[in-house]
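Every chain is numbered from 1, with letters handed out A, B, ... down the list of sequences.
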Protein chains: 2
Amino acid sequence: MKSRPQKRVTAESRAKEKSASPGGRPKGTEKTLNRQTVVAAALEEIDRGGLEAFSVRNVAKRLGVYPTAVAWHAASRGQLLADVVTLALVDVRPPGFHDSWQGYLRQTFHRFREAVRRHPNIAPLIGTQMLANPTVELEFIEGLLASLHHAGFSGTRLVAAYNAVLAAIVGFTAQEFAPLPPEQTSQWQEEMRERLAGVQRVRYPLLADNMKLLGNKAFTLRWQNGSEAPLDASFEAFIEIFIAGLERFRSVG
Amino acid sequence: MKSRPQKRVTAESRAKEKSASPGGRPKGTEKTLNRQTVVAAALEEIDRGGLEAFSVRNVAKRLGVYPTAVAWHAASRGQLLADVVTLALVDVRPPGFHDSWQGYLRQTFHRFREAVRRHPNIAPLIGTQMLANPTVELEFIEGLLASLHHAGFSGTRLVAAYNAVLAAIVGFTAQEFAPLPPEQTSQWQEEMRERLAGVQRVRYPLLADNMKLLGNKAFTLRWQNGSEAPLDASFEAFIEIFIAGLERFRSVG
DNA sequence: ACCTGAACACCGTTCAAGT
DNA sequence: ACCTGAACACCGTTCAAGT
């Protein structure tokens, strides 16, 4: 239980910290640790070695300080991970103006996926740490609400549509880039392929008949994740399915 | 790196183990540990204390054995967690026959959500451990493929539709039941409410105007998760949005 | 085959002490 | 305010030894 005051990481506070380098020292050569420096180092650590390799102590090693120095800025391991997600998802909100709400949603889906693609090892966190994360940018949420409002949703249907967008966007990307089991991957891959090759047509006709199309291209039937075998076609289809569903949902009820 | 032989947990192997209680001893009083006993104990441990409390050593304590005895059956912590997800999601496949593919999908969505509701603390795992989990039941996959085939999908569009179903179903439930930050929850809840109450209408008009509807009912704007504040209405809407989208996707391209 | 028991190299977080 | 340094109660997994 920390009683120490903790600043929130928001777009504003982050910009403020950046410009407030004490004594006018050049930005790149800060002698003291920032909260943003620590979070950035944590993200680098995860990018390099995955969540398995991540630890407060490793981040400290990367920064050349004692583990307790990291703890001072990060408050807790959980909070640090939440901040890492926020950092990785910065700038997902589509910039500029848009002609249609469908176009805005398509861009949001694509930009979100690109953000996860840049930091695939955070995939297991986005479903977990975003939900109840006060550090998530309100601009992103307001942008989604605006596009859905423009589509004609209001009241409880606006809430439902918003939840549907987040469920869809997080569900696809989290699974697409989820890590493979680390225990000797190549061996596991071989097992997976053998198992799929041995599927009996009698019991699983559709699986067997479509195995060539499904293998490594369908969730739970893959031996590589989105970093090595991206599901581009399925993602595009998913966006169109979802938007078509929203268009329909708009006109019923 | 274990070279020891590891059995796969499938519907078949599980049934086999069950019926093969050595020496005809009554089922409840096995003296030796099973793989299924260990997995069940792990799930109980997670149900009780969440993923934070989970450890191989705690499971061992629960079973009254040394940590290394658990390790012998579980191969690794990661594999144990994967098996836990498989156990929690057993029987999600809708039973019996169905009049329409839409009805089958609706049931699948509901049954999946009920399974997660029964074990909400596994929510962070379902997006991570299902994707590439060879222990996931092929019956579940075949069932989904059958309903989508019945809807008229085949080839690459069948693959896309299947991926869309899993993305949707996992995305909603994983987020709905994702755990709140453990660090003194009530204090965090207060912070969250204050932050949402203080949203400026000038910058975030839609957020501000709909805060009463959104608060605790929309992803990233909640201070409770699905166990305490279920998102029933949004879930029902989500299902209809998604199915309507599939119906549309069927007739284009 | 299955478990004990000790051991190894970690881990997050605390607390007191320095500056 | 920010960091060192030692310490605490853990952790997953190994290995050798028992039965």
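- Distances shown here put every side-chain N or O of A/His73 at or beyond 4.0 Å from the OP1 or OP2 atom of D/dA1.
- The side chain of A/Trp72 lies closest to D/dC2 when the candidates are D/dC2, C/dT13, C/dG5.
- Side-chain proximity of B/Pro67 to the nucleotides D/dC3, D/dT4, D/dT13 is greatest for D/dT13.
- In DNA chain D, the stems built from three or more successive Watson-Crick or G-U pairs (distances below 3.5 Å) are C:4-8 with D:12-16, C:12-16 with D:4-8.
- Side-chain contact between A/Leu144 and A/Phe140 is present, with heavy atoms from C-beta onward closer than 4.5 Å.
- Taking side-chain N and O atoms only, B/Tyr66 has no distance below 4.0 Å to OP1 or OP2 of C/dC3.
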Could you pull out the protein-nucleic contacts involving nucleotides 10-12 of chain D (nitrogen or oxygen on both sides, under 3.5 Å)?
{"residue": "D/dC11", "atom": "OP1", "partner": "B/Ser55", "partner atom": "OG", "Å": "2.9"}
{"residue": "D/dG12", "atom": "OP1", "partner": "B/Val56", "partner atom": "N", "Å": "2.9"}
{"residue": "D/dG12", "atom": "OP1", "partner": "B/Arg77", "partner atom": "NH1", "Å": "3.3"}
{"residue": "D/dG12", "atom": "OP2", "partner": "B/Val56", "partner atom": "N", "Å": "3.1"}
{"residue": "D/dG12", "atom": "OP2", "partner": "B/Arg57", "partner atom": "N", "Å": "3.2"}
{"residue": "D/dG12", "atom": "N7", "partner": "B/Arg57", "partner atom": "NH1", "Å": "2.5"}
{"residue": "D/dG12", "atom": "O6", "partner": "B/Arg57", "partner atom": "NH1", "Å": "2.9"}

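- Looking at residues two or more places apart in sequence or on another chain, you find a side chain to side chain contact (heavy atoms under 4.5 Å, CB included) between B/Arg117 and B/Arg113, B/Glu114, B/Phe177, B/Pro230, B/Asp232.
- Within residues 40-49 of chain B, no residue has any heavy atom closer than 4.0 Å to DNA chain C.
- Under the side-chain hydrogen bond (donor to acceptor under 3.5 Å, both in side chains) criterion, B/Thr173 pairs with no residue, sequence neighbours left out.
- Taking the six-membered ring wherever Trp is involved, the centroid distance between the rings of A/Phe172 and A/Phe112 does not fall below 6.0 Å.
- In this structure, of D/dC3, C/dG5, D/dA6, it is D/dA6 that holds the atom nearest to the side chain of A/Thr68.
- Checked against side chain to side chain contact (heavy atoms under 4.5 Å, CB included), B/Val65 has the following partners two or more places apart in sequence or in another chain: B/Leu33, B/Ala60, B/Leu63, B/Ala69, B/Val70.
- Every residue was checked against the side-chain hydrogen bond (donor to acceptor under 3.5 Å, both in side chains) condition with A/Glu228, not counting sequence neighbours, and none meets it.
- Legend: residues meeting side-chain hydrogen bond (donor to acceptor under 3.5 Å, both in side chains) with B/Asp47, ordered by chain and number and at least two apart, are B/His119.
- Legend: residues meeting side-chain hydrogen bond (donor to acceptor under 3.5 Å, both in side chains) with B/Asn121, ordered by chain and number and at least two apart, are absent.
- Applying the salt bridge (charged side-chain N to carboxylate O under 4.0 Å, His left out) test to every pair with at least one member in residues 58-72 of chain A, sequence neighbours left out, gives these pairs: A/Glu44-A/Arg62, A/Glu45-A/Arg62.
- In this structure, B/Asp91 has no salt bridge (Lys or Arg N to Asp or Glu O under 4.0 Å) partners at least two apart in sequence or on a different chain.
- Residues that satisfy the side chain to side chain contact (heavy atoms under 4.5 Å, CB included) test with B/Ala40, not counting sequence neighbours, are B/Leu87.
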